[in-house]
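This report refers to the structure that appears directly beneath it.
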Amino acid sequence: MKLEAGYRTKIKLFIRAYSRYSRAISFFMLDTLGNLERTHTCGELRESDVGKQVVLMGWVAKKRDFGVFTFIDLRDRGGLTQVVVSEETAKEAHVKAKNLRGEFVLAVRGEVVSRADGTHNSKLATGDIEVKVGEILVLNEAKVPPFQLEVAGTENLASEDTRLKYRYLDLRRPRLQHNILTRAKAVARIREYMDERGFIEIETPILLKSTPEGARDFIVPSRIHTGKFFALPQSPQILKQITMIAGFDKYYQIARCFRDEDLRADRQPEFTQLDVEMSFANAEMVYRVMEGVFGHVFKLINVDLPEQWPRMTYAEAMRRYGSDKPDLRFEMELQDLSGELTDTDFSPFAEVLGKGGEIKAVVVKGKADYSRKVLDELQEFVKRYGASGLAWIKLGDETTSSLLKVLGLGTIERLASTAKAEKGDAILMVAGKKSVVAAALGALRNEIGKRENSIDRSAYRTLIVTEFPMFEHDEDTDRYTAAHHPFTSPMDEDLELFKQAVENDAEHHLLGQVRAKAYDAVINGYECAGGSIRIHQKEIQALNFKALGMSIEKAREQFGFFLDALEYGTPPHGGFAAGIERTCMILCGTENIRDVMAFPKTASAQDLMMDSPGEIDGAQLGELGIKVND
RNA sequence: GGAGUCGUAGUUCAGUUGGUUAGAACGCCAGCCUGUCACGUUGGAGGUCGCGGGUUCGAGUCCCGUCGGCUCCGCCA
């Protein structure tokens, strides 16, 4: 037994050594490119090119060996072309072809020939022709890839961590090539549009100063100023406003932004924004630029967005859809049942209404046959958003409901009618605090839209959401924080209310009612852009800092330079920032931000290819005066 | 910080109530093959069942912990 095992090991070692040897041999057999130039990409040859002598270069996508001749699917970013190598007509090339493997890099020289009847491939853009090869140059070989690039469909793709580790291989897949290309084109169109309309591209620093509000900063230590730190921009907000004070009038930038927060399917720690600011602009003027630039970009995928997008106030969006970024590709609006239940003696509902909460519902068309299992799943779903439960009514052959015993059939039927439900429908109800009801039902609406396939995948529904609240109430600290950012202007109509709330402590809670000149651009349920008209007068800015509980001294410490700048003739101004990745996700029809970034990070904010973040040298730390705790 | 889910061959997955030597497909290696394009065909190699502990006569399977991927909540002015 032992002897045999030892023998096997020896054989294995021999084979390993031999294969290394033969690899070394084959290295010396590689061809050189020399002065050879390619004449076409692998995606462009057609019937009309038949007879041409061509040179293609690319990667071996697939090899099909038939003994006396061999087919190779050659791939580059242009597409795929079938090349044929015959032993009879190209002896040397044929020997080389037999030894090829996936992802070897080739140059092939040959003649474009029409395919014989019955051998055309309609799945391939180049499927009417093939290249009859006279010469093959093996420009480089490739190890066997750790996963298969060419698989039918996307179901059998290797797991994402494997693909992220070998991102350069994953990026060779036509799908990702297409996405990255689309992104490049989208950015090019953005520059084209902004440039034509007189916007000036201005770069702002990446090394900034940390500010306490907002997202967590990424921090960069300063070597020259030991113990001091730069922060990477969460967005170039203040700097773009300063370009307005500096008189540039119309600014834009394709700006990289950094936020040290947890990731999501549509959120990465670094991402790119189209950042825009305009002087002497009102909100409508900003909307027109948003509509225009998105319209221009969506022509890339042959979609005509409306010239003027529908407008909806934040309050209306929350009331009707439970979301400030409603997906308008399907209906299913929230129905308010609070009115029907004001006099209910069912204590959970009475209690909710007594505390100023509400009871709302969504109607799921034709789903009176929802099973107990599905309803349980949906209940678990809404609980994630803080809902205490999910009540249901099913208008089947008979009307059933989780509330039948406590409310009685009469009330149930009245609720169904108020909710505008019809026979065959299911009604799903959530009771609770307004914010919880909106969050739970808003999310449930999207979930059911997906589940029931009621989203029109070919539709692109746009919306501008206006009149966002100026402040958000933080329940833990009982403080008001800026809903957008601390330079956002209140609405003119709410200015008096704002002053009153700031100046009288007793009326501080009125801050919750102040609306801002803040807005979002929404496409298909994604917040693609957001912005505001800014405060340009120092008195209002001072009021705002006070509202946020920030002393003048503190504000000066944080934003002194900006407050100074505001005092030197600041024009009224406003703007927006659009998420490049989210926009490209919609353009590319993907729900994952990693599909539109060349080198994304994992959900735990790591780069699996370069294995970042990494540790640094003790000496490097010493130079920066930094000590890392264990 | 919390929840869900997944982790078995290079890859995608199957693996029954805990029970003999852990399977399939693709890929890989070696042949054969004159029209394939998911080529076909013959043969072959390939496994730390993520990792660590525990229960048990016996663990891929059960329990605890841990690491990693993905998704969600919190977070993201």
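Residue numbering restarts at 1 for every chain, and letters A, B, ... go by the order of the sequence lines.
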U5(B): pairing nucleotide in any strand, Watson-Crick or G-U under 3.5 angstrom: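 In the structure as shown, U5(B) has G69(B) as its Watson-Crick or wobble partner.
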A25(B): pairing nucleotide in any strand, Watson-Crick or G-U under 3.5 angstrom: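 Partner of A25(B): U11(B).
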Nucleic acid contacts of residues 377-386 of chain A, taken as heavy-atom distances under 4.0 Å to RNA chain B: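 Result for residues 377-386 of chain A: Arg384(A), Tyr385(A), sorted by number.
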Close residues, residues 110-123 of chain A, relative to RNA chain B [heavy-atom separation under 4.0 Å]: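 Contacting residues: Arg115(A), Thr119(A), His120(A), Asn121(A), Lys123(A).
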Quiz question: going by heavy-atom distance under 3.5 Å, is there a donor-acceptor pair between the base of [N] and the side chain of [X]?
X	N	result
Gln148(A)	U12(B)	no
Arg259(A)	C76(B)	no
Arg163(A)	G69(B)	no
Gln606(A)	G69(B)	no

side-chain hydrogen bond (donor to acceptor under 3.5 Å, both in side chains) against Asp324(A), all qualifying residues, sequence neighbours excluded: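 With sequence neighbours excluded, Asp324(A) shows a side-chain hydrogen bond (donor to acceptor under 3.5 Å, both in side chains) to no residue whatsoever.
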Residue-phosphate contact under 4.0 Å: Arg101(A) side-chain N/O, C29(B) OP1/OP2: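 It does, given that an N or O in the side chain of Arg101(A) lies less than 4.0 Å from OP1 or OP2 of C29(B).
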Phosphate-side-chain proximity, Arg64(A) and C39(B), N/O vs OP1/OP2 below 4.0 Å: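 For Arg64(A), the contact criterion (side-chain N or O under 4.0 Å from OP1 or OP2 of C39(B)) is met.
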Near-parallel close stack of Phe147(A) and U11(B) base (under 5.5 Å, under 30°):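 Phe147(A) vs U11(B): stacking no.
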Rounded interatomic separation in angstrom, taking NZ from Lys143(A) and P from U11(B):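 In whole Å, U11(B) P and Lys143(A) NZ are 13 Å from each other.
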Sugar-phosphate only, base, or nothing, as touched by Gln237(A) at under 4.0 Å among non-hydrogen atoms: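 The residue Gln237(A) makes base contact.
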Touch class at under 4.0 angstrom, heavy-atom based, for Pro146(A) against every strand present: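 Sugar-phosphate, backbone atoms only, no base.
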